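Notes to accompany the following structure.
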Amino acid sequence: MALRFGPPALGIALFLAAWQAAHWHYGAFILPSPLQTLRALWATLSSASGWAALGATFGRVRLALGLSGLVGGVLGLVAGYLWLIRATLAPVATILLDMPATAWVILTMIWFGPSHRSILFTIAIVIGPILYIGRVDAALTRDRRLENMAASFGASRWARFRTIALRQILSSLGPVFGIALALGFKVAIMAELVTNVAGLGAQMARARAHMDIDLALANVALAVAGLVIIEHLVIRPFQTRLGQWKRGAA
Amino acid sequence: MSGLTLATISHSFSARRVLDTVSLVIRPGELVALVGPSGCGKSTLAAIAGGILKPDQGRILRQYQRHGMVFQQSRLLPWASARDNIAYPLTLGKLSRAQITERTHAAAQAVALLPDDLDKLPAQLSGGMRARVAIARALVVEPEFLIFDEPFAALDPALRRRMQDLVLSLAKARGFGGLFITHDLHEAARLSHRIAVMDRQGKGILGSLTPPGTPGARSEAQIFDFTQEARNHPLLHDLLNVDERAVTLDCACDTLGFQRCC
């Protein structure tokens, strides 16, 4: 137990100590202490507006992740099986992946105006190619010998896909979903900050306008805490459920 | 009836011809070992016999309803327990859950798997246990014909021998015919009624050797004498002498070899 939780606890303690030391060096105006940040965080969580901002950001990320997971995922699956689709979409995926997220924020603001839709589109277009490439890679690196085994017992193409290929593909997606979620969050906050549409990013924009460093850091802490909670409640159980066999199941 | 006829089978991978008009007849109830040097196309022929690959040319006549296949490195589903692996072929059909459970347990029992082993994942099983699960998976469909593609190549000699004994006892009890792909002449002599020798470039079956007696009834001395004698047989020259590092993909030419291809 001590060995399992000891090193992470030590890491957190070192981080907090460094933060506190930096606070003493630069002062509360530049960098509030961890305790001040915690108080600001508590104040945010005690207000309805704080929860509304958190809910707005989380809701957008969830919706965008669902949309891009569906579109990018289905396209990735098809491309994983069909060379022609893969070859056709490869340059498109590369271009979309290389586009800076900030460029999308500006473009979508021009296209849709500073709105919920523009943020949603930005998140989806940034994480969609990642989910697409993750799915293509998962489909390509599956163990086809297992499908041959199934074929020898008379399994149809659909049965082979359903019982063997899909299982392998899904088990490879956990880390990709984790990355997409974290990136989606960052993009959402950035887009909200630029467009000033309700959410954690808009709260940060307000904190910046008021030079309220406590509130800014509280929102950062809130975003990080939210991500950690989602990762442990959603992504990790998903990975454990589908990918335990990959770790040897000892 | 459990015979198999492969008639003038040809197959290519990316324009490289791996099998060229290969014909092999396995009579009902006969267990034929197919030997040949690495890369001669034995596993491709097994895949064609097992319905995994469709040959470019040739005909396959199966005189049986169901076959089972045991692969090199077991090919177990890594996420499924031993029980679910054995049951896998049955889940593809329309059997009830009770029937699947009953037949899975019968197959596990036939290969001497313990109930405790059935809940383990493949990664938690030893190599021998994995081989047993793979054999049980092939048996669960109640096959009349079994195809073995170098199933025990990765096992140590003692374990390999135990697995061979298992195949012999199952073949005797159930009377199935089969095709057993192997590199090992001793294994072939122990298990089969007849040893077919494949050309090193996949250009047909060069001929057959028949060990004395029947599988399971041969003494160790008989098997030893047969393999010692067979080592000098010209049919087996390539199997025993080809250095696979000297073989190119396009032309496996070794001017000292039995087949002079260049």
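Residue numbers start from 1 in every chain, and the chains themselves are labelled A, B, ... in the order their sequence lines are given, proteins ahead of strands. Just so it is clear, the model here is predicted, and its values are computed rather than measured.
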Applying a strict 4.5 Å limit to non-hydrogen atoms, the region of B:Arg137 in contact with chain A is both
Taking the side chain as C-beta and beyond, is there a heavy-atom pair between B:His193 and B:Pro215 under 4.5 Å? yes
Segment of B:Leu76 engaging chain A (4.5 angstrom heavy-atom cut-off): backbone
Would a distance-only check, ignoring hydrogens and angles, find a side-chain to backbone donor-acceptor pair under 3.5 Å from B:Gln124 to B:Leu121? yes
Of B:Val140, B:Ile147, B:Val141, the one forming a side chain to side chain contact (heavy atoms under 4.5 Å, CB included) with B:Pro143 is B:Val141
Tell me, side chain or backbone of A:Thr163 under 4.5 Å from chain B's heavy atoms, or both, or neither? both
Hey, does the Lys NZ or Arg CZ of A:Arg142 hover above the aromatic six-ring of A:Tyr81, less than 6.0 Å from the centre and inside 45° of the axis? yes
